[in-house]
Amino acid sequence: MSEKQKKRLIPAIKGTKDILPQDIRKWQKVEAVTKKTFELYGYREIRTPIFEATELFEKGTGQTTDIVIKEMYTFTDKGGRSLTLRPEYTPSVVRSIIEKRLYLQPQPLRVYFMGPMFRYDKPQKGRYRQFHQVDIEVFGEKDPAIDAEIVEMADALFKKLKVTDTEVLVNSVGCRRCRPAYHKELRRKAEQAGERLCADCQKKIMTNPLRIFDCKVKTCREASKGFPEITDYLCPECEEHFSKFCSYLDLYGIDYRREPRLVRGLDYYTKTTFEIVSSRLGAQDAILGGGRYDDMMKDFGGPDICGIGFAMGLERFISVVPFTEKKEKFIYLACLGDRAKRAGMELARYLRRDGVECLIEYKERSLKSQMSRADKLGAAWVLIIGEDEVKKGLYQLKEMATGMQRECSREEIMKIIQESS
RNA sequence: GUGAGCGUAGCUCAACUGGUCAGAGCAUCGGACUGUGGAUCCGAAGGUUGGGGGUUCGAGACCCCUCGCUCACCCCA
């Protein structure tokens, strides 16, 4: 290896982000409030492995989805198994519930999760290759009241964190009984549109015609205006489910907009789908998205238990949460000379044992330099420890904000600091 | 995967059409002030101008390739 190669630093992987100490408080706060909120609704945390058998996502997320077709981090391990870093969470949870027989517990079963997801996408604003999601899932509750409850819970979370400029979009994508007729009609109309649809949409006619509505090409938008909407084709059961869902949202006083063209790009959704979008993000404006997936459990070879859930993009959410950091109060021990340093080390141990945050200066520095450092670091107090102080067992405690200074024993220091916080 | 814009010190930016152009401010560290912070002044450190090739007497600037960043498309959280 040449000198040049040795020196070249190894950069972070494209599409990944370091969350630095200066940003971590915000993350921790959002995570804490989110967990607390979910727990209020009876959710409990579940953690599953970061990778799974590739097949799990192929089957769960769906063979026709972009996630499976082109965005998965798939690799072969030394045992020849095809593994994939999870691109989304729902299939993992469903797998775990079936495998561990969690469905034998009283239903509905409510679980939540937080952690990194991986998608090989081209990074842009609000989209990364490793990103974080908060995810909730409910199993075994057919009542549309639960659909409304989870939207209300998301709404409550947004309000708690003072997130504004958002909009709730809702739709129903029907079920296996009513969707085929709709798809057939939609395909027929799409085929009639012919050349007015772009090449991509031509393909979607066969694979997943619902997604033609997502297309942003102008001619496609024009053409799709005349296409039938799913909500006109719902079977009585789906129709009732959707109207009850909406009436419950009304009950909660949640503003929402029916968006018949809202299509989740995942194959497994049935009946209810929804999104919360923010006008303060860029093109990737969906903070949260989810829906019902009544067939997944059964399709995975488990019992016929319905499911519903949503995923929230933490990076996107955090970017619209207002936040002012509250500074922690701590004491900086300025030591002058070796004996003082030793005394300071003992004092720091004494203070920390009772929960006082301390920083101690180990390097020989002038008092001036140490004061300056304490100020820059944001210390609330500086404790000056020199030869005289060590002899007397009394130290100079200076409050940085006021500049007031007094002589204190270590017990007095402890008392002053604990009383101030 | 496609397209556009951009890559000069940790950060924000200079350097006319290629010719002392490798600089400034902030931040860092030190000193003036060797037991007292925030101000001021002085100083130090920090860059093979993202990387590689080419054109040229000469390239940070021009050309090609590559990597990265940003934004948009696609898609999604």
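Residue numbers start from 1 in every chain, and the chains themselves are labelled A, B, ... in the order their sequence lines are given, proteins ahead of strands.
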If only side-chain N and O atoms of Q124(A) are considered, is one of them under 4.0 Å from the OP1 or OP2 phosphate oxygen of C71(B)? no
Look at the side chain of E88(A) and the base of C76(B), then say whether one donor and one acceptor between them are separated by less than 3.5 Å. no
Within this structure, what is the OH-to-C1' distance between Y395(A) and G35(B), rounded to whole angstrom? 16 Å
Kindly check if the number of other-residue, nucleotide or ligand heavy atoms within 6.0 Å of NZ (K160(A)) is above 12? yes
Separation between the C1' atoms of C74(B) and C16(B), rounded to whole Å: 43 Å
For A22(B), give the paired nucleotide (Watson-Crick: N1-N3 plus N6-O4 or O6-N4; G-U: N1-O2 and O6-N3; both under 3.5 Å), or none. none
So what's C62(B) paired with, Watson-Crick or G-U wobble, going by both distances under 3.5 Å? G54(B)
For nucleotides U8(B) and C69(B), find the distance between their P atoms and express it as a whole number of Å. 14 Å
In whole angstrom, give the distance that lies between atom CG of L383(A) and atom P of G35(B). 16 Å
I want to confirm an ordering. Mapping E389(A) and M312(A) to their closest nucleotides on RNA chain B, which one lands closer to the 5' end? E389(A)
Hey, does the side chain of S369(A) come within less than 4.0 Å of G30(B)'s phosphate (OP1/OP2), counting only N and O? yes
Rounded to the nearest Å, what distance is computed from the CZ atom of residue R129(A) to the P atom of nucleotide C76(B)? 18 Å
Nucleotide nearest Y120(A) (side chain, heavy atoms from C-beta), chosen from C76(B), C74(B), G1(B): G1(B)
Expressed in whole Å, how much space separates the P atoms belonging to C57(B) and G68(B)? 35 Å
Please confirm whether any donor atom in the side chain of Q405(A) sits under 3.5 Å from an acceptor in the base of U36(B), or the reverse. yes
No-H, no-angle donor-acceptor pair, R119(A) side chain to C75(B) base, under 3.5 Å: no
When rounded to whole Å, the CZ to P distance for the pair F57(A) and C75(B) reads 22 Å
Whole-Å C1' distance, A45(B) and G10(B): 12 Å
Minimum-distance nucleotide to R365(A) side chain [options: C74(B), U36(B), G30(B)]: G30(B)
Side chain to side chain contact (heavy atoms under 4.5 Å, CB included) partner of V151(A), chosen from F310(A), Y252(A), F245(A): F245(A)
How many whole angstroms separate atom NZ of K14(A) from atom P of G68(B)? 5 Å
Provide the distance between the two C1' atoms, one in G18(B) and one in C71(B), to the nearest whole Å. 31 Å
Under 4.0 Å between a side-chain nitrogen and a carboxylate oxygen: does that hold for E167(A) and R257(A)? yes
Would R292(A) and D147(A) pass as an ion pair if we require N to O under 4.0 Å? yes
Identify whether NZ of Lys or CZ of Arg in R129(A) sits under 6.0 Å from the centre of the six-membered ring of Y120(A) and within 45° of that ring's axis. yes
Can a donor-acceptor pair under 3.5 Å be found between the side-chain atoms of K368(A) and the base atoms of U34(B)? no
Using the side-chain heavy atoms of Q284(A), tell me which of these nucleotides is nearest: G35(B), U36(B), C74(B). C74(B)
Does R127(A) get its side chain close enough to the base of C71(B), under 3.5 Å, for a donor-acceptor pair? no
Whole-Å gap separating P (U36(B)) and CG (L367(A)): 6 Å
Write down the distance separating the C1' atoms in A9(B) and G46(B), rounded off to the nearest Å. 6 Å
Taking the same atom, P, in U70(B) and in G30(B), what whole-Å distance lies between them? 35 Å
Take atom NZ of K392(A) and atom C1' of G35(B), then tell me their distance rounded to the nearest Å. 12 Å
Separation between the P atoms of A22(B) and G5(B), rounded to whole Å: 30 Å
Between NZ of K376(A) and P of A27(B) the distance, given in whole Å, is 8 Å
Closest-nucleotide ordering on RNA chain B, the 5'-leading residue of K125(A) and A311(A): K125(A)
Between R110(A) and E149(A), is there a salt bridge with N-O shorter than 4.0 Å? yes
Any donor-acceptor pair under 3.5 Å linking the side-chain atoms of Q370(A) with those of R373(A)? no
For G37(B), which nucleotide in any strand shown is its Watson-Crick or wobble partner with both distances under 3.5 Å? none
